[in-house]
Each structure stands twice: as C-alpha cells, then as structure tokens.
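If you read the sequence from its start, that first residue is 1, and numbering goes on from there.
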Amino acid sequence: MLSVDMENKENGSVGVKNSLDNGRPPDPADWAVVDVVNYFRTAGFEEQANAFQEQEIDGKSLLLMTRNDVLTGLQLKLGPALKIYEYHVKPLQSKHLKNNSS
C-alpha cells in the first residue's frame with residue numbers, strides 16, 4: 001500500500017513528503033528510474049513524469065540536473081518545468097547535499 005503525505009502548495013503543485021512507506025529509498029541518489037517517475041506522478045505531474053521515463057532519469061541523474069536541463073532537455077511546457085525544478089528538483093538536490101555534507 002502506498003502511503004504518501006502530500007501537501008497542497010499555493011503555486012498549485014503538490015508537495016510530497018518522503019517517508020519509508022512510499023516504497024522509494026530515502027536518498028534520491030538511490031532512486032531507480034521508476035522511483036523518479038513515481039515521485040513526479042505522486043506530486044501531480046502525471047504527464048511530465050513520462051519525460052523522465054523516456055530520458056531514463058534515475059536519482060543520480062536527477063540530482064545532477066540543472067535548471068536548463070529541466071526547462072529545455074526534457075521538452076516540457078515551461079510552466080510545469082519551472083515548478084518541477086523549483087519545487088522538486090532543487091529542494092531534493094539541497095536536501096541531498098545537506099545530508100551528505102556532514
């Protein structure tokens with residue numbers, strides 16, 4: 001059973017709080033492509049999640065993505081691409097760096 005704690009953001013996207021119950025490893029660097037795809041589907045980006053599948057973006061690749069990669073490399077519409085980068089990719093990168101810098 002998938003247990004995800006979601007919160008609505010004022011920008012219209014849905015935030016996903018990671019928990020061990022969601023089936024993904026807690027560190028995004030350990031995510032497989034399917035974990036990345038499921039993360040974005042759960043966050044409300046069903047259509048855009050397919051781009052991560054098509055480009056075979058796993059957790060390590062996700063953590064290496066730049067703003068430009070998300071905005072142009074995935075061929076997404078600008079609005080969703082901005083939300084994906086600012087509210088999901090960037091925070092995941094920051095959290096990963098913080099957790100691995102100690």
Side-chain angles (χ1 to χ4, degrees):
M1 177 178 247
L2 182 66
S3 173
V4 178
D5 186 9
M6 297 174 64
E7 59 184 25
N8 289 320
K9 304 268 187 176
E10 63 183 48
N11 64 11
S13 71
V14 177
V16 179
K17 294 182 180 177
N18 286 335
S19 70
L20 295 176
D21 296 336
N22 65 18
R24 285 186 300 275
D27 185 353
D30 298 327
W31 292 358
V33 173
V34 68
D35 295 319
V36 173
V37 170
N38 288 336
Y39 172 84
F40 286 108
R41 284 187 176 144
T42 303
F45 295 100
E46 181 73 32
E47 183 180 327
Q48 294 78 12
N50 295 329
F52 290 89
Q53 177 77 47
E54 290 167 9
Q55 295 298 323
E56 299 178 6
I57 304 294
D58 62 7
K60 286 184 178 79
S61 299
L62 183 68
L63 293 173
L64 292 171
M65 292 184 83
T66 64
R67 183 176 185 270
N68 193 50
D69 292 333
V70 176
L71 295 181
T72 62
L74 296 175
Q75 300 175 347
L76 301 174
K77 290 183 180 177
L78 183 58
L82 287 167
K83 290 176 186 174
I84 285 170
Y85 182 75
E86 289 296 322
Y87 298 109
H88 296 281
V89 175
K90 200 164 132 181
L92 286 170
Q93 290 170 337
S94 296
K95 181 179 176 185
H96 176 75
L97 287 173
K98 181 180 176 186
N99 290 344
N100 290 294
S101 65
S102 37

List the atom of [X], the atom of [Y], and the distance in Å for their closest heavy-atom pair.
| X | Y | value |
| --- | --- | --- |
| W31 | P25 | NE1-O, 2.6 Å |
| A81 | L71 | CB-CD2, 3.6 Å |
| L76 | I84 | CD1-CD1, 3.9 Å |
| H88 | F40 | CB-CE2, 3.7 Å |
| P80 | F45 | O-CE2, 4.1 Å |
| L62 | Q93 | O-NE2, 3.5 Å |

Approximate separation, where rounding is to 0.5 Å, of [X] [atom1] and [Y] [atom2]:
| X | Y | atom1 | atom2 | result |
| --- | --- | --- | --- | --- |
| L63 | N100 | CG | CG | 9.0 Å |
| L92 | L97 | CG | CG | 11.0 Å |
| K77 | K83 | NZ | NZ | 12.0 Å |

[X] versus [Y]: any side-chain heavy-atom pair under 4.5 Å?
| X | Y | result |
| --- | --- | --- |
| L82 | R67 | yes |
| Q55 | L74 | yes |
| R41 | N50 | yes |

Does the N38 side chain pair with the main chain of D35, one donor and one acceptor, at a distance under 3.5 Å?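 Side chain of N38 to backbone of D35, a donor-acceptor pair under 3.5 Å: no, none is there.
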Is it true that, when you exclude E86 itself, more than 12 heavy atoms of the residues, nucleotides or ligands shown sit nearer than 6.0 Å to its CD?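 Yes, the 6.0 Å shell around CD holds more than 12 heavy atoms from other groups.
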